[in-house]
K.L.:
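Below are the structure tokens for one structure; questions will follow.
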Amino acid sequence: DSQASDFDPLDQSWSRKSKTSVFSEWDIPYEDMHILELIGRGRLGKVFKGYWHGDVAIKQFNIDTDNELQLHSFKQEVQTFRKTRHENVVLFMGACMNPPHLAIVTSLCKGSTLYSPIHVWKETFNLQKSVLIATQIAQGMGYLHARGIVHKDLKSKNIFLENRDKAVITDFGLFSVTKLCEADRRGNCIRIPEGWLCYLAPELITSLKITNLGLDNELPFSKSSDVYSFGTVWYELLAGEWTFNNQPAQSIIWQVGKGIKQSLGHLQASRDVKEILMMCWSYHPESRPTFGELMKALDRLRLPKKRLARSPSHPLHLSRSAES
Ligand code: ATP
């Protein structure tokens, strides 16, 4: 409609006109939602189980509504969400855009994120299952990229496993809404969330500066940096741990910045399996594959090959020597 095409995404003001023309279809009045129990807290705010025409997840944002830039980022992300519809991407249902009530409503994911089986329950995935999950993630990510959406925070905590084998990607694009890391008020140190650094491509790691700790505008996130993060998720599936496990942040930053990669010596996997890791972790963003190419590489792993040393149903886990 003509009103909608009038919308200027760079318009900092939150005019009634733009709200009704662009967001009305997706705007959920705060009082229409039934907020039930708290599911968890993250850097962005709180996530509640809720009811709105069925079970939903309600993500409430801790946004300083006087901060125009942050509010603007939030609105822009909501714009982006509207465009998504894929079975491996969480279903966006609407948003509450009335400050101070800022929330995104999505389908409620069943099951747990990939984080729990890997890092908490220490479950092992055989190659067949790892390929199945990675393929679905690549499918969902390829879709987001085709829509022009860079995830910016792809990690095992943001991938749900529904019915234990269907991957659903959440939290895409929201990274710019939050603060990158919180500086510790008592000192000059930065509190970095557990495991976060190992998803960051070299070009991001080398751009991390204390002055960048506000919004991510200055960090060079790209489709290729998402591919790097995917490589780390692929490693987590195979190895059951994060890259550079238990190493101090300074050491990870130094190594990744220098182009040093996680060693794969302890990983009992075929060359093709490891090659996917190496391609994703290429130092130069332009050398990393696209998700379309990754799908093909993962597809090749499914084909039975005489030279595969182990049966696909055999657990592929490493000795976990790096953990002990
Ligand atoms: P971080 O802030 O570091 O990304 P996080 O991913 O745990 O950490 P949130 O994304 O805010 O933080 O999620 C908080 C909790 O809500 C997590 O336990 C997450 O699994 C859960 N959650 C998020 N989205 C959904 C959803 N659509 N359905 C069900 N649970 C969800």
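For ligands, and for the atoms within them, numbers begin at 1 and follow the listed sequence.
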K.L.:
Looking at atom 2 (O) of ligand 1, what's its closest protein heavy atom, distance included?
P.N.:
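Of the protein heavy atoms, Arg43 N, 2.6 Å lies nearest.
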K.L.:
Starting from atom 16 (O) of ligand 1, locate the nearest protein heavy atom and write down its residue, its atom name and how far away it is, to 0.1 Å.
P.N.:
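Sorting protein heavy atoms by distance from atom 16 (O) of ligand 1 puts Val47 CB, 3.4 Å first.
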K.L.:
At a 4.0 Å threshold, what atoms of ligand 1 neighbour a non-hydrogen atom of Thr106?
P.N.:
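Under 4.0 Å from Thr106, ligand 1 has these atoms: 27 (N).
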K.L.:
Which protein heavy atom lies closest to atom 26 (C) of ligand 1, and at what distance to 0.1 Å?
P.N.:
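Scanning the protein heavy atoms, the shortest distance from atom 26 (C) of ligand 1 goes to Ala57 CB, 3.5 Å.
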K.L.:
Who passes side-chain hydrogen bond (donor to acceptor under 3.5 Å, both in side chains) against Asp171, sequence neighbours left out?
P.N.:
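So Asp171 forms a side-chain hydrogen bond (donor to acceptor under 3.5 Å, both in side chains) with Lys59.
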K.L.:
Heavy-atom distances under 4.0 Å are what count here, so tell me which part of Phe160 touches ligand 1: side chain, backbone, both or neither.
P.N.:
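The answer is the side chain of Phe160.
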K.L.:
So, is Thr170 polar-close to ligand 1, with some N/O to N/O distance under 3.5 Å?
P.N.:
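In fact, backbone or side chain, Thr170 has no N or O that close.
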K.L.:
Of the choices Lys157, Lys49, Lys155, Lys46, which has the non-hydrogen atom that lies closest to atom 4 (O) of ligand 1?
P.N.:
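It is Lys155 that holds the nearest heavy atom.
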K.L.:
Can you name the atoms of ligand 1, numbered from 1 with element, that are less than 4.0 Å from a heavy atom of Ile39?
P.N.:
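Near Ile39, meaning under 4.0 Å from one of its heavy atoms, ligand 1 has 16 (O), 21 (C), 30 (N).
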K.L.:
Verify the contact flag for atom 14 (C) of ligand 1, where contact means a protein heavy atom under 4.0 Å away.
P.N.:
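Given the 4.0 Å cut-off, atom 14 (C) of ligand 1 counts as touching protein heavy atoms.
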K.L.:
One thing to verify: whether Asp299 and Lys296 come together as a salt bridge, which I'm taking to mean a side-chain N less than 4.0 angstrom from a carboxylate O.
P.N.:
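Looking at Lys296 and Asp299, the cut-off is not met.
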K.L.:
Look at the side-chain heavy atoms of Ile, Leu, Val, Met, Phe, Trp and Tyr, link any pair under 4.5 Å apart, and say whether Leu132 and Leu298 land in one connected group.
P.N.:
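Per the 4.5 Å side-chain linkage, Leu132 and Leu298 are not co-clustered.
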K.L.:
Any carboxylate oxygen within less than 4.0 angstrom of a Lys/Arg side-chain nitrogen, looking at Glu123 and Arg164?
P.N.:
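Yes, this pair counts.
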K.L.:
The criterion is side-chain contact (heavy atoms from CB on, under 4.5 Å); which residues satisfy it with Ser282, sequence neighbours excluded?
P.N.:
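Expected list: Ser287, Arg288.
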K.L.:
For Leu238, run the side chain to side chain contact (heavy atoms under 4.5 Å, CB included) check against Val233, Thr124, Leu267 and tell me which one passes.
P.N.:
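The residue from Val233, Thr124, Leu267 that satisfies side chain to side chain contact (heavy atoms under 4.5 Å, CB included) with Leu238 turns out to be Leu267.
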K.L.:
Heavy-atom pairs closer than 4.0 Å: do any link ligand 1 to the side chain of Cys109, the backbone, both, or neither?
P.N.:
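Contact part for Cys109 vs ligand 1: both backbone and side chain.
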K.L.:
Looking only at protein heavy atoms, identify the closest one to atom 9 (P) of ligand 1 and say how far it is in Å.
P.N.:
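Checked against all protein heavy atoms, atom 9 (P) of ligand 1 sits closest to Lys59 NZ, 3.6 Å.
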K.L.:
Shortest non-hydrogen contact from Cys96 to Asp27?
P.N.:
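For Cys96 and Asp27, the tightest heavy-atom pair comes out as CA-OD1, 4.1 Å.
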K.L.:
Atoms of ligand 1 less than 4.0 Å from Leu108 heavy atoms?
P.N.:
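This gives 28 (N), 29 (C) as the contact atoms.
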K.L.:
Would you name the heavy atoms of Phe244 and Gln262 that are closest together and state the gap between them?
P.N.:
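Nearest heavy atoms, Phe244 then Gln262: N-OE1, 2.6 Å.
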K.L.:
So which protein heavy atom does atom 12 (O) of ligand 1 come closest to, and at what separation?
P.N.:
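Result for atom 12 (O) of ligand 1: Gly42 CA, 3.3 Å.
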K.L.:
What's the shortest distance from atom 6 (O) of ligand 1 to any protein heavy atom, and which residue and atom give it?
P.N.:
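Looking at atom 6 (O) of ligand 1, the protein heavy atom closest to it is Asn158 OD1, 3.4 Å.
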K.L.:
Within the distance-only criterion (no hydrogens, no angle test), does the side chain of His145 pair as donor or acceptor with the backbone N or O of His151 below 3.5 angstrom?
P.N.:
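Not at all, since once roles are kept as given, no pair shorter than 3.5 Å links the two residues.
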K.L.:
Look at the side-chain heavy atoms of Ile, Leu, Val, Met, Phe, Trp and Tyr, link any pair under 4.5 Å apart, and say whether Ile260 and Leu208 land in one connected group.
P.N.:
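Not linked; separate clusters.
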K.L.:
Between ligand 1 and Thr113, is the shortest N or O to N or O distance under 3.5 Å?
P.N.:
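Not met; the criterion fails.
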K.L.:
Report the part of Ser107 in contact with ligand 1, treating N, CA, C, O as backbone and CB onward as side chain, heavy atoms under 4.0 Å; options are side chain, backbone, both, neither.
P.N.:
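Only the backbone of Ser107 comes within reach of ligand 1.
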